[in-house]
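What follows is a single structure, written as structure tokens, with notes after it.
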Amino acid sequence: MKFENLRLHSFGYQEPAEFMTSDEMEEKMRSLYERAKLPFGRLELQTGIKRRGFWPKGTRPSTIASQAAEKILKHFPREKIDLLLHASVCRDFLEPATAAQVHFNLKLSPHCMISDLSNACLGVLSSILMAGQMIERGVIKTALIVSGENAGPLIEETLNHLNTDPNMDRKRIKPYMASLTIGSAAVAFLLTHASLAPDAPKIIGGSTLTDSGAVELCQGDGSTQGLMMETDSEALLKAGVKLSQDNWEKARAILGWKNSEVDKIIPHQVGTAHRLAMLTELGLPTDRDFQTFEQFGNTGSAALPLTLMKASEAGFFKPKDKIALLGIGSGLTSTMLGMEWA
């Protein structure tokens with residue numbers, strides 16, 4: 001799909017104050033590492049992730065998502081928000097929608113539509129596509145998309161499981177390694193019709209492709225405060241890269257782009273192996289992307305948006321840059337969007 005009138009008006013993020021390095025995490029598993037003869041340093045060596053962040057225990061996703069959104073609403077009338085989408089993997093509770101709590105926190109208008117739109121690591125990009133179509137067709141003029149990802153409960157449960165299972169060994173630990181790469185962050189995007197922000201970055205369009213045959217390769221289960229996740233990382237990488245190749249071909253056809261015309265790349269932030277495999281197989285240069293996974297880990301649906309914001313702050317983009325957003329989420333689904341920077 002293509003957009004003529006979709007603009008990224010503004011954005012905000014909230015990052016945690018506390019972090020745990022990969023070395024500190026391995027120290028918490030010292031007994032297991034020594035019993036299984038696992039080499040210390042393997043977690044950072046294999047993933048490239050140096051640290052991941054944590055919120056204070058008990059922090060709700062709605063709280064951090066609201067904090068990120070408030071940074072936008074300091075400069076935009078909150079009564080003009082037409083649609084609020086909460087896009088996190090993490091949520092406050094099963095019912096009501098976490099978007100209801102965010103709507104209350106932000107004191108948005110009773111005329112503002114709300115909904116949760118969760119799609120693993122793709123929640124924010126999926127929300128952009130949904131809200132973008134509504135803006136493009138004139139149904140609404142503004143959409144606020146928020147995500148608040150909290151890695152604490154998942155990592156705490158995973159470490160407890162690994163350290164208390166007497167049968168845990170080198171082979172049995174593998175499905176849990178991906179859980180140890182998860183980090184925390186919150187983001188907010190304000191999308192508007194071009195008439196409200198004619199000089200803002202343009203979201204030009206893109207495509208989505210789904211391979212639901214890979215649905216069992218990464219599955220999380222549990223309560224909102226105690227998620228457990230098992231991942232077949234090798235199979236997920238292989239299936240994800242294949243889906244990305246097919247979707248990039250589809251996206252390029254819609255955008256009318258050649259690889260040589262892509263100025264900057266913001267891929268999903270999983271780790272070193274995933275980054276290199278995806279860019280290589282898509283035929284894209286490895287010197288045009290921006291990364292945050294080393295310092296934040298994989299922050300789920302917040303990962304790609306957070307990286308876009310950090311890249312903007314770092315002056316990574318230049319006016320008229322063509323930017324490829326390369327998203328992929330468990331399931332599997334791939335969403336790839338093209339932007340033109342302002």
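Remark: the backbone N or O of Ser126 is not paired with any side-chain donor or acceptor of Asn119 at under 3.5 angstrom. Between the Arg275 side chain and the Val270 main chain, no donor and acceptor come within less than 3.5 Å of each other. Looking at Gln295, its side chain never comes within 3.5 Å of a backbone N or O of Thr292 through a donor-acceptor pair. A donor-acceptor contact shorter than 3.5 Å is absent between the side chain of Thr231 and the backbone of Cys218. A donor-acceptor distance shorter than 3.5 angstrom exists from the side chain of Ser88 to the backbone of Gly148, with no hydrogens or angles considered.
Aromatic rings from Phe40 and Tyr33 are positioned such that their centres are separated by under 6.0 Å.
No more than 12 heavy atoms of other residues, nucleotides or ligands lie within 6.0 Å of NZ in Lys28, so this atom counts as exposed by the packing criterion. In this structure, Glu234 places its CD atom where only 12 or fewer heavy-atom neighbours from other residues, nucleotides or ligands lie under 6.0 Å away. Counting non-hydrogen atoms of other residues, nucleotides and ligands closer than 6.0 Å to CD of Glu313 gives a total above 12. Applying the 6.0 Å contact sphere to NZ of Lys174 captures no more than 12 heavy atoms from other residues, nucleotides or ligands.
Between Glu294 and Lys50, none of the side-chain N atoms (NZ, or NE/NH1/NH2) sits under 4.0 Å from a carboxylate O, so this pair counts as no salt bridge. Ion pairing between a basic and an acidic side chain is recognised when a charged N comes within 4.0 Å of a carboxylate O; Glu27 and Arg30 show such pairing. Between Arg51 and Glu24, no side-chain nitrogen of the basic residue sits less than 4.0 Å from a carboxylate oxygen of the acidic one, so the salt-bridge criterion is not met. Under 4.0 Å is where a charged nitrogen must lie from a carboxylate oxygen, and between Arg78 and Glu70 at least one such pair does.
Ring geometry, Phe317 versus Trp341: the interplanar angle falls from 30° to 60°, so the pair is classed tilted.
Exactly one of Phe293, Phe296, Phe290 qualifies for a side-chain contact (heavy atoms from CB on, under 4.5 Å) with Thr307. That residue is Phe290.
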From CA spacing to verdict: side-chain hydrogen bond (donor to acceptor under 3.5 Å, both in side chains), Glu149, Ser301: CA-CA 7 Å; Glu149 300 288 21; Ser301 66; 2.7 Å; yes
Audit row: Glu340, Lys320, salt bridge (charged side-chain N to carboxylate O under 4.0 Å, His left out) steps and yes/no: CA-CA 6 Å; Glu340 182 181 294; Lys320 303 299 181 185; 3.6 Å; yes
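Taking the centre and axis of the six-membered ring of Phe316, the NZ or CZ atom of Lys264 falls inside the cone set by 45° and 6.0 Å.
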